[in-house]
Structures are given as C-alpha cells and as structure tokens.
2 protein chains.
Amino acid sequence: MLSSSGKELEAMVRSRLFDAGVRYTPGRARVFRLMEAAGGPRSAAELHGIVSDDLPLSSLYRTLMVLSETGILEKSHGPEGVALFELSEWLRGHHHHLVCVQCGSVEDIDFEAGDEQVIGAVAERVAATRGFRAKGHRIDVEGICGECAA
Amino acid sequence: MLSSSGKELEAMVRSRLFDAGVRYTPGRARVFRLMEAAGGPRSAAELHGIVSDDLPLSSLYRTLMVLSETGILEKSHGPEGVALFELSEWLRGHHHHLVCVQCGSVEDIDFEAGDEQVIGAVAERVAATRGFRAKGHRIDVEGICGECAA
DNA sequence: TTCCTTGCAAACGATTTGCATTGGA
DNA sequence: TCCAATGCAAATCGTTTGCAAGGAA
C-alpha cells in the first residue's frame, strides 16, 4: 500500500525537486502520476504507450532519468534487460514483486511487518558471515500469475 | 556451495548438451569452467576480459546463449542493465546474492536450510493472497561489501 | 557429405546526447 | 533576461545475426 495519498506524495516530490534545483513541469507531473498509478515497475516503452500522443521518447527518458537521479524513482531491469522504473521506497514504502515467469508481468506485493522482520534478520545475519554490512533486500517471488494459470 | 564437484558437473553438462543435439566443444568447455570458477554472476565483458586472447565477443555471446537455452546457465541483468550469467540452480544449487551498492560486486551466498524454508513459506503464503502460484524466489541482499567498508 | 560451430562484419534496439528552440520565473 | 526544459535527429553501446569458412561425425 502507498504510504501516503496523492496530494501528500506530490508535495513531497515537488519539494525534493525544488531542493535539487529542478522544476516540477507538467511533463514531469504527468510521468509521476503515471508511476503513482502503476501497480509495479514499468518500462519506458509501456509508459510511452500510455501517453503516446505528445511525449517524445527522448523526453520521456530524460524525465525518467531526472526523477531517478533525484530519488523519486528507482530503476531496475526486467528479465529481457529493459529498464524498469517505479516509485522509490521512501514514497511507495518497502515492498517486493510477484514476477510471472509465463507472461513476464510484475506486480507489487507487500509482506507483513512480522515477515519482513524475520527476513531482514536472516539477511543481516547471513551477510555478516561474509563481512558484508546488509542495508536492505530485494525479493522477487517467481511463479504463475492468476491470468496465466486460468 | 556447489552441489557436486567439477568432474560430475561436467558430465551433467555434457549429457544435457548431447540430449539437446549440441556439441560440447572446447570453446564451450572453456566458458563452462569459467562460470564454474566464478563466485557469482558474470557479464560477457568480464568473461571476455579473462579470455581476451582468442575468443571473439560474438562467439562468446553465442556460447552463452547456447548454454542458457540448454539450461546450463541462467541469465539475469545487473543494475546497469548488462546481461549477467551464472550456473543454473540444478547445477549450482539454490542460493542468493550479496550486492554491494558501492562497487557493484555480486557474490553468491547460501542461506541455511531452515531459513530457506521459512522464506519459501512466506513467499507462497503471500503470493497465494493474490491468486499467484509461487514457484521460487530470488533474493538480493544489498549493502556494503568488506572491501568497500575497509 | 552433412551439420554444427566459428569468426568477421554488419545490423539491431534500447537508451543517451548535441544542439537549437521554447518557456517559465 | 537567463537558465532549465524540450524536441528532433544523430550517436552509443551491449547484444544479435547473416553469411561464408572450418571441423567433427
């Protein structure tokens, strides 16, 4: 679940961009709202498909880069290597992903606090045995989504 | 830890390639041994750096593709989007990764059986609430490696 | 001989960048 | 006025592919 509602999030984004000396333009607002509405990581191509009308790919990429550099979005990569973007954790809240190995869809999923705590503890303990200081973890649950199972 | 030792693994690879009607050539053996020796996922560029002498990138890519298609290797993507390859689970055994957010290095890490069981159960339970049938999971523990912390 | 494999060079596709233009504060 | 933001086209870079030559069965 999102940690705050629309207006609040937008205010947080606006102020972070301001602090970075970057304008909150209509184009950026548009991309931000798309990401807010998305239920998981999205590729530039998918986003472009939605706003295909008047938003050049290069501008979209530039917007995604600015939002990533300012910490609004986080960038990752799907199984085929295409870049995927999603709201970063301080806006969206900590979560994981359900990845369908059949159709490739990716959905956000929230674990319960208790489960998170257990997993975090395991991660820290195991990492420590290698002189590694754990800061966080990323989990992809792989399987078959409802659509594909039907 | 690897589930079997060198000779055994090679025999498994050889027979799987044979079943697929693919030859176990010196070039493929060479790449396989590199992957066996690697302690984590490796990019084509990294591998090429090791055998730079006489192995064209295109041949290396083709070898990696053949080994992936036959299930010897698994392909994923690093934070910058470059393709990474590693021995697949039936050869290497189930494991996870320690990812250093500073230098980008990726090391294999084995969780204890008990921890795996707990995590697997959580993943299945959570996935089920979304009509998703969990088959497995992938965990990246992010943090600072010993080298970078020093 | 018949396929599979290899190397080279060319092709690809996703992403990035140079540059001139537009627009907001 | 001034600097950031935009659009377009061209450039990049990792990766893939066509094609002809080399080799094993």
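Worth knowing before you read on, the calculation uses all heavy atoms, side chains too, and leaves out hydrogens, waters and symmetry mates.
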Peer 1: Which part of the nucleic acid does A45(A) contact within heavy-atom distance under 4.0 Å: base, sugar-phosphate only, or nothing?
Peer 2: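 Touches nothing.
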
Peer 1: Atom CD of residue position Q117(B) - does it have more than 12 heavy atoms of other residues, nucleotides or ligands inside 6.0 Å?
Peer 2: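 At most 12 heavy atoms, drawn from other residues, nucleotides or ligands, come within 6.0 Å of this atom.
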
Peer 1: Which part of the nucleic acid, if any, lies within contact of T25(A), taking any heavy atom under 4.0 Å across all strands shown: a base, the sugar-phosphate backbone alone, or nothing?
Peer 2: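 Sugar-phosphate contact only.
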
Peer 1: Name the residue closer to the 5' end of DNA chain D, choosing between P26(A) and H77(B) according to the nucleotide with the nearest heavy atom.
Peer 2: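 Its nearest nucleotide lies further toward 5', so the answer is P26(A).
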
Peer 1: Nearest nucleotide by nearest heavy atom, which residue falls closer to the 5' end of DNA chain C, G21(B) or P56(B)?
Peer 2: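 It is G21(B), whose closest nucleotide lies nearer the 5' terminus.
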
Peer 1: Roughly how far, to the nearest 0.5 Å, is the CD1 atom of I72(A) from the CZ atom of F85(A)?
Peer 2: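 Rounded to the nearest 0.5 Å, the CZ-CD1 separation comes to 13.5 Å.
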
Peer 1: Would you give the length of the straight line joining atom CD1 of I50(B) to atom CD of E46(B), rounded to the nearest 0.5 angstrom?
Peer 2: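 If we round to the nearest 0.5 Å, I50(B):CD1 and E46(B):CD are 7.5 Å apart.
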
Peer 1: Which nucleotide of DNA chain D is the first, and which the last, in the 5' to 3' direction, to come under 4.0 Å of a heavy atom belonging to chain A?
Peer 2: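 Terminal contacting nucleotides, 5' to 3': dC3(D) to dA9(D).
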
Peer 1: Using the salt bridge (Lys or Arg N to Asp or Glu O under 4.0 Å) rule, collect all pairs that involve residues 134-143 of chain A, keeping only residues at least two apart or in two chains.
Peer 2: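 Only R138(A)-E142(B), E142(A)-R138(B) qualify under salt bridge (Lys or Arg N to Asp or Glu O under 4.0 Å).
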
Peer 1: Rounded to the nearest 0.5 Å, how far apart are CD of E80(A) and OG of S43(A)?
Peer 2: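 Between atom CD of E80(A) and atom OG of S43(A) there are 9.0 Å.
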
Peer 1: Using links of under 4.5 Å between side-chain heavy atoms of ILVMFWY residues, direct or through other members, which residues join V99(A) in one cluster?
Peer 2: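 Reading the cluster by chain and number, V99(A) sits alongside V106(A).
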
Peer 1: Check each residue of residues 59-72 of chain B for a non-hydrogen atom within less than 4.0 Å of any atom in DNA chain C, then write out the ones that pass by number, or none.
Peer 2: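 Those residues are S59(B), R62(B).
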
Peer 1: Among side-chain atoms of H137(A) and E116(A), is any donor-acceptor pair under 3.5 angstrom?
Peer 2: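 The answer is yes; a qualifying pair exists.
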
Peer 1: Name the first nucleotide and the last nucleotide along DNA chain C (5' to 3') that come under 4.0 Å of a heavy atom in chain B.
Peer 2: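 For DNA chain C, the relevant span reads dC3(C) to dA9(C).
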
Peer 1: Check salt bridge (charged side-chain N to carboxylate O under 4.0 Å, His left out) between R133(B) and all other residues, then give those that pass, not counting sequence neighbours.
Peer 2: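 Partners of R133(B) under the salt bridge (charged side-chain N to carboxylate O under 4.0 Å, His left out) test: none.
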
Peer 1: Can you measure from CZ (F111(B)) to CD1 (I119(A)) and round to the nearest 0.5 angstrom?
Peer 2: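 Answer rounded to 0.5 Å: 9.0 Å.
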
Peer 1: Salt bridge check: are E86(B) and R92(B) linked by an N-O gap of less than 4.0 Å?
Peer 2: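 The answer is no: the pair does not qualify as a salt bridge.
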
